[in-house]
Amino acid sequence: MITSIKQKTISIELSDDQKVVVRRMPWKAAVELLKKLSGHIGSVSDLVKPTEDGSGASKVSVSAVIAKIPDLIMGAEDLVQHLVLNSTSLNKEAFDALDLAQASAVIEAAVELNLGDELKNSWAGIAEKIRALSAMKTKSTASATPTS
């Protein structure tokens with residue numbers, strides 16, 4: 001089986017004379033982004049607590065959220081810079097010089113290419129294959145176990 005995977009790109013026209021091409025990140029940079037993202041999500045998820053009434057509802061402490069805002073902003077900036085700098089030819093100074101609308105368009109394209117449905121579906125397929133292998137191993141181990 002031969003599979004062809006072409007590098008997808010999204011071109012963002014920032015002005016008449018400036019265009020940014022957004023592409024998928026290299027593997028190593030993508031793994032680093034996922035590690036950073038995991039840590040960032042973990043720092044936010046501890047702010048949501050289940051209610052004690054057993055209804056399945058959640059509560060959020062406003063004071064805890066307010067206390068986390070500086071960390072959340074710094075974490076988001078780190079994630080965005082990692083994503084953009086590894087999926088475009090922009091350097092930090094050029095990215096920082098973009099206006100809000102331009103930066104938003106670049107970020108949106110980078111998220112789509114690097115964290116979008118196509119890659120999520122691919123990862124889900126890989127996870128399913130691993131689960132299937134694990135189930136097969138469990139079955140073969142169980143059938144090889146002697147019974148008394």
Side-chain angles (χ1 to χ4, degrees), residues 1-53 55-141:
M1 172 169 105
I2 297 175
T3 302
S4 176
I5 300 176
K6 297 187 189 272
Q7 175 65 280
K8 287 190 174 183
T9 60
I10 298 174
S11 292
I12 308 292
E13 193 164 329
L14 301 176
S15 64
D16 290 338
D17 62 339
Q18 187 182 16
K19 181 169 87 172
V20 172
V21 177
V22 183
R23 65 191 182 290
R24 281 192 221 106
M25 288 187 288
W27 168 253
K28 187 168 178 80
V31 169
E32 287 302 314
L33 177 70
L34 292 174
K35 287 178 187 175
K36 289 177 183 219
L37 188 58
S38 175
H40 190 64
I41 290 170
S43 73
V44 176
S45 65
D46 68 336
L47 298 176
V48 180
K49 308 281 186 211
T51 57
E52 287 120 25
D53 62 6
S55 66
S58 298
K59 62 181 178 180
V60 177
S61 163
V62 174
S63 60
V65 171
I66 291 171
K68 283 268 191 181
I69 287 176
D71 292 338
L72 295 174
I73 291 169
M74 292 304 293
E77 182 179 16
D78 181 46
L79 289 171
V80 167
Q81 281 189 359
H82 186 89
L83 178 65
V84 170
L85 299 182
N86 283 287
S87 59
T88 69
S89 61
L90 294 172
N91 61 30
K92 183 179 177 332
E93 293 74 26
F95 179 61
D96 289 346
L98 298 179
D99 71 27
L100 183 58
Q102 293 170 328
S104 296
V106 172
I107 293 165
E108 182 180 7
V111 167
E112 175 59 32
L113 289 175
N114 292 286
L115 301 168
D117 288 340
E118 181 182 8
L119 289 176
K120 283 190 285 189
N121 292 338
S122 178
W123 282 102
I126 292 167
E128 186 55 40
K129 287 178 175 74
I130 291 170
R131 270 193 294 276
L133 285 172
S134 177
M136 287 175 47
K137 179 159 176 60
T138 303
K139 279 184 181 179
S140 69
T141 303

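In terms of heavy-atom proximity, Leu83 sits nearest to Ile107 at CD2-O, 4.4 Å. The nearest pair of heavy atoms linking Pro26 to Asn86 is CD-O, 3.5 Å. Nearest approach of Ser11 to Val21, heavy atoms of both residues: OG-CG2, 3.9 Å. Taking every heavy atom of both residues into account, Met25 and Ala30 meet most closely at CE-CA, 3.7 Å.
Distance check, rounded to the nearest 0.5 Å: NZ of Lys19 to OG of Ser89 gives 11.0 Å. With values rounded to the nearest 0.5 angstrom, Leu33 atom CG is found 9.0 Å from Asp78 atom CG. Note: Lys129 NZ to Ser134 OG = 15.5 Å, rounded to the nearest 0.5 Å.
With Arg24 contributing its side chain and Asn114 its backbone, the two residues share no donor-acceptor pair below 3.5 Å.
More than 12 non-hydrogen atoms from other residues, nucleotides or ligands lie less than 6.0 angstrom from CD of Gln81.
Counting heavy atoms from C-beta outward, Ile12 and Gln102 have side chains that stay 4.5 Å or more apart.
Exactly one residue among Val80, Ile10, Thr88 makes a side-chain contact (heavy atoms from CB on, under 4.5 Å) with Val106. That residue is Thr88.
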TODO: Check step by step if side-chain contact (heavy atoms from CB on, under 4.5 Å) holds for Leu115 and Leu34.
DONE: CA-CA 9 Å; Leu115 301 168; Leu34 292 174; 4.2 Å; yes
